[in-house]
Amino acid sequence: MLRTLGAVAALTLTLPNPALADGHQTLLENAAIVDVETGNIRRGQNVLIEDGRIAAIGSRIGADSGAERIDLDGAFLLPGLTDSHVHLTSRADKHGLRRLTVSTPRAAISGVANAKTTLEAGFTTVRNLGAPGYADIDLRKAIDEGEVIGPRIVGAGQAISITGGHCGDATSLPYEDQIKGRAADGPWAARQKVRENKKYGADVIKFCATGGVLSPNTTINAQQFTLEEMKAITDEARALDLKVAVHAHGPRGIQSALDAGVDSVEHASMITDAGIAQAVEQGTYLSMDVYVSDYILSEGEAAGILEESLAKERQVGRFQRERFRVAVEAGANIAFGTDAGVYPHGTNARQFSKMVEWGMTPLQAIQASTVGNADLFGMSDEIGTITVGKFADFVAVPENPLDDVSVLEHVDFVMKNGAVYKNTLAD
Ligand code: ARG
C-alpha cells in the first residue's frame, strides 16, 4: 500500500463522483463475473457498491438492501478496461503539418471530448503519456472534481525530449519552437524536467529514448539521451516516488532504457531477444501498441501524416508485431497500451483482437488491460480486479469475451467509481 501511496495519492484522495451522495448504494444484479486472474466465470452474482467502491459480492448479496438496482441480465461483468498509453489531447485527424493549427488550449478542449468518448468505450483508467502545457493534469483535475466526464487519468504532463528529439522537440516544424520547455540535455537538465513535471502534478514520467514515427526529422534507430541521462531521469523519478515510461523503437535506445531501470517500454518495436530476456528478468512492462499501424497505414495519409512518417511506419509496424509475439512467448509483462490519439479515441479496444492475432489468448489480452496495467500504474489495491474494497469500475458485455475478445469493442455497460456512464444492455 505504502509503495502505491505516493504515485496515486492525488487520485485516491479526490472525491468519488460528486454526483453520488455519501452512503449511496447500488446493486448490480445477475452478473456473470469474469475473474480476470483465472478466467473463471461465476454466474448469477450480485455486486453491492457503496460510496464508489465494491462493498460485497455474492449470489444473494444486497437482496433486501435499499440499494438502487441495476439488472445486468446475465451479462459478463469485467473490471473497467485500462490503457497504458493514450494522448487524450490529440486528435487522429490532425497529423503532420495540421498540428500547426492546434494551440494548447484547443488541445485541452479536444481532451474534454476525447475523455468522455474513452470512458464510454469502457476505459475507466488511462495513462496519458504526454500533453502540451500539462493539459492532461488539468483534465484529470476537472474529471476528479466532477466538472467533466472522463476516465481516471494517470498523467505524465510534458514528455521529456532531447533537443531536436521525438517527444515534442522535433525539428522541421516551426511550431515546435513555440512550445519550448520539453527539451533537456545533460543529467541535471533532465532531472530538472522531472522535478518540473512533479511540481505541476504529473503522476508518472515519460521520456523518449529514440526517435519516432510521427516526428519529422527523427529516426527510429537513433538513441535519444545517453545512458547517463536516462539513469538520472529514472533516479530522480524514483526519489520523487514516480514511475517512468519510455518511448523507444530502436534496439539501442530500448537497451539503455532497460539498463536505466524504467518501468515500461512504450512501443518496444525492435526489442532484441536479449532485451526481452532482460525485461522478463526485471519485470519491465512492454507496452506495445500493435493496433495503431493499421490506422497509420490506411487512414494516415488522409489524416495529414507526412510521407516521411508513413515510410518509417512501414519499416516498424510489422516488425513490432513479430517482436510482440516473441515477447508474449517469453512470458514478458505486457501492458495494454495503444497510443490512442494517433488513431480515434474510443476505438482503443480494437487492439484486443490484434494481441490475440499475434499470440495472446483472449484472457491474456484482457489481463494486460486489467491486472497488468493496474500493477504497472501502481494501483493494484484500487483497480484491475473485481474485489471488495476496490473502485467500482466495470464494463459489461452480453457475449463472453473469453470466446471472442472483439466483443469488448462495443461495451454495453460502463461504471466508474460507482456511477453509470453507459447502459444499453436492455436495448
Ligand atoms: N507515437 C508513435 C511514434 O510516433 C507512434 C508509433 C506507431 N507505430 C507503431 N508501429 N507502433 O513513434
Side-chain angles (χ1 to χ4, degrees), residues 83-92 94-99 107 126-132 136 156 158-162 164-173 176 182 206-224 245-251 253-254 257 264-271 286-301 303-325 327 334-345 347-348 350-351 354-355 357-358:
D83 192 327
S84 60
H85 192 140
V86 303
H87 298 278
L88 291 172
T89 53
S90 298
R91 267 173 52 168
K94 295 233 184 277
H95 281 291
L97 300 175
R98 289 183 202 169
R99 285 183 52 199
V126 298
R127 208 167 57 151
N128 200 82
L129 291 187
D136 57 337
Q158 301 207 138
I160 305 169
S161 167
I162 58 163
H166 189 79
C167 264
D169 201 50
T171 51
S172 300
L173 294 178
E176 302 293 336
R182 284 185 269 185
K206 157 98 178 278
F207 76 89
C208 284
T210 69
V213 170
L214 299 174
S215 49
N217 199 32
T218 71
T219 51
I220 282 167
N221 269 305
Q223 175 165 335
Q224 297 187 179
V246 57
H247 157 110
H249 288 290
I254 292 173
S264 68
V265 180
E266 307 301 309
H267 314 299
S269 311
M270 303 172 105
I271 189 167
L286 303 178
S287 177
M288 301 173 80
D289 48 346
V290 290
Y291 165 71
V292 69
S293 193
D294 281 7
Y295 179 82
I296 293 175
L297 295 179
S298 61
E299 318 283 326
E301 194 180 346
I305 295 181
L306 303 169
E307 177 46 41
E308 168 190 351
S309 292
L310 295 173
K312 285 191 270 187
E313 185 56 47
R314 281 179 217 113
Q315 187 192 335
V316 94
R318 187 178 171 94
F319 199 95
Q320 180 191 34
R321 291 171 178 183
E322 282 161 6
R323 298 315 295 162
F324 175 82
R325 188 191 288 285
I334 306 281
F336 183 93
T338 68
D339 217 352
V342 170
Y343 70 92
H345 294 280
T347 61
N348 316 50
R350 288 186 186 175
Q351 185 167 294
K354 273 290 156 202
M355 291 169 109
E357 189 185 326
W358 289 89

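We number each residue from 1, following the sequence as shown. Whatever order the structure lists them in is the order used to number ligands and atoms, beginning at 1.
Remark: the S84 side chain and the S287 side chain contain an N/O donor-acceptor pair separated by less than 3.5 Å. Defined by atom type and a distance below 3.5 Å, a donor-acceptor pair is present between the side-chain atoms of D289 and Q320.
At under 3.5 Å, not a single nitrogen or oxygen of S215, backbone or side chain, sits near a nitrogen or oxygen of ligand 1.
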**Request:** Walk me through it: do R350 and E357 pass the test salt bridge (charged side-chain N to carboxylate O under 4.0 Å, His left out)?
**Result:** CA-CA 11 Å; R350 288 186 186 175; E357 189 185 326; over 6 Å; no
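Nearest protein heavy-atom neighbour of atom 4 (O) of ligand 1: L214 N, 2.9 Å. In terms of protein heavy-atom proximity, atom 3 (C) of ligand 1 is closest to V213 N, 3.4 Å. For atom 8 (N) of ligand 1, the nearest non-hydrogen atom of the protein is E313 OE1, 2.7 Å. The shortest contact between atom 2 (C) of ligand 1 and any protein heavy atom is with D339 OD2, 3.3 Å.
Residues H247 and H85 place their aromatic rings such that the two centres sit no closer than 6.0 Å.
Of all the heavy atoms of V290, none lies under 4.0 Å from any atom of ligand 1, so neither backbone nor side chain is involved. With a heavy-atom cut-off of 4.0 Å, H267 touches ligand 1 through its side chain alone. When heavy-atom distances to ligand 1 are checked against a 4.0 Å cut-off, D289 comes that close through both its backbone and its side chain.
Checked for salt-bridge contact, R325 and E322 miss the test: no charged N lies under 4.0 Å from a carboxylate O. Salt-bridge annotation for D294 and K354: present, with a side-chain N of the basic residue lying under 4.0 Å from a carboxylate O of the acidic one.
A perpendicular orientation is assigned to the rings of Y343 and Y291, their planes being inclined by more than 60° (bins at 30° and 60°).
Taking a cut-off of under 4.0 Å to the non-hydrogen atoms of H166, the atoms of ligand 1 that pass are 3 (C), 4 (O), 12 (O). Which parts of ligand 1 touch G212 is read off a 4.0 Å heavy-atom cut-off, strictly below it: atoms 12 (O).
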